[in-house]
2 protein chains.
Amino acid sequence: MKKVTINSVATYAGVSKKTVSRVLNNEPNVSPATREKVLKVFKELDYTPNPIARGLARNRSFIIGCLYDNPSKSYITRVQSGALEACHKHNYNLLIHPCELRGDALIANIENLLMTSRLDGLVLTPPFSDSLELIEFLKKKNVNYARVASAIEGDESISVRSNDEQGAFEITEHLIELGHSHIAFIKGHPDHSATEQRFSGYQRALSTHNLTFDDKLVAEGNFSYHSGADSAKAILDINPRPSAVFASNDYMAAAVLKLATQRQLKVPEDISIAGFDNAPIARHIWPGLTTIAQPVEEMTRQAVDLLIEQIGGTQAQVRQTTLEAKLITRESTSKP
Amino acid sequence: MKKVTINSVATYAGVSKKTVSRVLNNEPNVSPATREKVLKVFKELDYTPNPIARGLARNRSFIIGCLYDNPSKSYITRVQSGALEACHKHNYNLLIHPCELRGDALIANIENLLMTSRLDGLVLTPPFSDSLELIEFLKKKNVNYARVASAIEGDESISVRSNDEQGAFEITEHLIELGHSHIAFIKGHPDHSATEQRFSGYQRALSTHNLTFDDKLVAEGNFSYHSGADSAKAILDINPRPSAVFASNDYMAAAVLKLATQRQLKVPEDISIAGFDNAPIARHIWPGLTTIAQPVEEMTRQAVDLLIEQIGGTQAQVRQTTLEAKLITRESTSKP
DNA sequence: ATGATCTGTGACACCGGTGTCATAATGTCA
DNA sequence: TGACATTATGACACCGGTGTCACAGATCAT
């Protein structure tokens, strides 16, 4: 099976390869007759242009890379699906690259990524969207990037985030308004800026409602189910037992629910539980988790949209957006 | 900031670009002194070779594409992580491409994928690994591919699967040995070959233990949580109520558990529930689900390993493997 | 010393497209 | 009808690497 190149098409159609290229790219200034003729030869020879050659000539790969280091599978798939939507809209493709934030290896790792596959741009998801070191490196290397859910201020680059602090405030307020005053909190992974923001929203709600903050009610988690299970043990052993728990994400909240159930506690009658993210698990378990829905797909979609625009050379005027998070109440919270 | 190419390096180092290329690729026949000199210039100019140009010259992209159409996020992330492991080992990268099996659009979609980004190979996950139409197309186009969890026989191409039929047999047998004889079954998505195989394992276990198969105990699902919830309704309304339910995956099993709990049924005392896949949710809920663990990462890793070998030109002698599935018992199953 | 082999290096074509520019053919307007 | 703008087309360089081959000089066996 012989390879069909632009040259064979040109020869076969009796035109120059430049004309074939024109037809390929829908450029103007090709007579209808010629265009027709070339298109027919495309079919006849079953010609597929070589994207690599095209990429070399145009200095583009039409591939966006997506960086992440996140224990939540559902978060990752939501990020991917938002990114893919934007990519496909512009005929781009998505390459995924999970890697670890920690360690000196990061920059070397990204350098290697850039070396082995030329990417037109990079989407940074937490915690990379907050890594000043990485951002510095990308700027130096002149790599286009967009930040998702980043808390960094002052960087002019593309950034789409949602309001974590406000979301945490609202869900805490929801618990307070139900009548809870002894509300435990489980923090997320320290590398993620969302961790600080959610914690801060929790504290602001307390103080807004004149409740005193008690750090004995705070457990350290890292967004993983496992860390939630550990925190749950600590929290359920507090005396007197908190009447409500707000975990920084749904996996950790699910862990609390599981342990509470194992200990014969009724949820929400004996203890209310709230999460964050509206992960699938929040509605897959019983009782369903009250949580905050973030538009993860939408954030990523917008970020990639802006990124591709930037690659194309058009600078959007609005490059930093904050989307709303929304309270979703389910069965896991009630009056104490 | 001027672009640094192989030419600038060559000029700067006072050698030919071919020699630079030799150093770049660790080829022999470069004197230590020259090599040293060129390496120094690499550092000085901060040179990064252009993978696209290299790809054009070598006719390689060093990118593998991963095709899927699967409602289970955890399955997808497991597939991705196995594929990535193998890719990175060989300095390949992974491009993801979810798309729909159904519809005439499939072939056009893949054709477009191949057109917009030249891939060295494709990993097909269910249900694509069973699509004869797609496989036919890839063969015609001379595209390297590897099948994961495919049930197609007779195709010589790379295939790594696990034993679904046997897994389903074992978990059903587990229920039977606990004393259940009235065991409901929820089928998976009809496009997936696993669906047929798991069903068949269920039936074989029944007949092996001299239980009569009753199709009124079988509900149609499609692997999604939602379909599991629908099936759960039907099954829990059967009179007399089955003493056990075996769902073709964990999401559907979780849906059964949720509905049962909502209806004040005790699991496993009132009804035993078993799933398949050992998805994270199986251990995130209470009671934990008895299920079958499949080595999804391992399957994909092996498949991609073989695929990359094949791309490299070395044909492994063993190209079709079947891995073991393993019964994991948790709290959701017990004596009736 | 002589021919044979090995080592290090560069010239040059090539991968398969796109961009620039020249030029011929055609259309437009006074 | 002549001057000028527009359209259609191709020649050719170029993108940034790799493969082939020629060849000079060093090494080796006889």
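- When heavy atoms are screened at a 4.0 angstrom cut-off, B:P28 is found touching no nucleic acid atom at all.
- Of the two residues contacting DNA chain C, namely B:R35 and B:R58, the nearest-nucleotide position lying further toward the 5' end is that of B:R35.
- The side chain to side chain contact (heavy atoms under 4.5 Å, CB included) test with A:Y92 is passed by exactly one of A:L84, A:D120, A:I63, A:V304: A:D120.
- Following rounding to the nearest Å, A:K17 (NZ) and C:dT20 (P) show an atom-to-atom distance of 16 Å.
- Counting to the nearest Å, the P atom of C:dA11 and the CZ atom of B:R22 are 11 Å from each other.
- In this structure, A:N29 places its CG atom 14 Å from C1' of C:dA24, rounding to the nearest Å.
- Within the 4.0 angstrom heavy-atom criterion, no nucleotide atom of any strand lies near B:N7.
- Contacts between chain A and DNA chain D, taken as any atom within less than 4.0 angstrom of a protein heavy atom, begin and end at D:dT7 to D:dG16.
- DNA chain C is contacted by both B:P32 and B:K18; B:P32 maps to the nucleotide lying nearer its 5′ end (nearest heavy atom per residue).
- Put simply, B:S31 has no side-chain N or O that comes within less than 4.0 Å of OP1 or OP2 on C:dG8.
- Here the side chains of A:I52 and A:L56 are not in contact, with every heavy-atom distance at 4.5 Å or above.
- The residues B:R301 and B:E298 are annotated as salt-bridged, a charged nitrogen and a carboxylate oxygen being separated by less than 4.0 angstrom.
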Inset, instruction - Mind running salt bridge (Lys or Arg N to Asp or Glu O under 4.0 Å) on B:D46 and A:K140 for me, showing each step along the way? - result: CA-CA 11 Å; B:D46 195 17; A:K140 201 185 80 190; 5.0 Å; no
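- A:H97 and A:N109 share a donor-acceptor pair across their side chains, judged by distance under 3.5 Å alone.
- Among the protein residues, A:P49 comes within range of the sugar-phosphate backbone only, with heavy atoms under 4.0 Å from sugar or phosphate atoms but none that close to a base.
- Contacts of B:V15 with the nucleic acid, taken as non-hydrogen atoms under 4.0 Å apart, involve only primed sugar atoms and P, OP1 or OP2.
- Within the 4.5 Å cutoff, the side chain of A:V148 has no heavy atoms near those of the A:V160 side chain.
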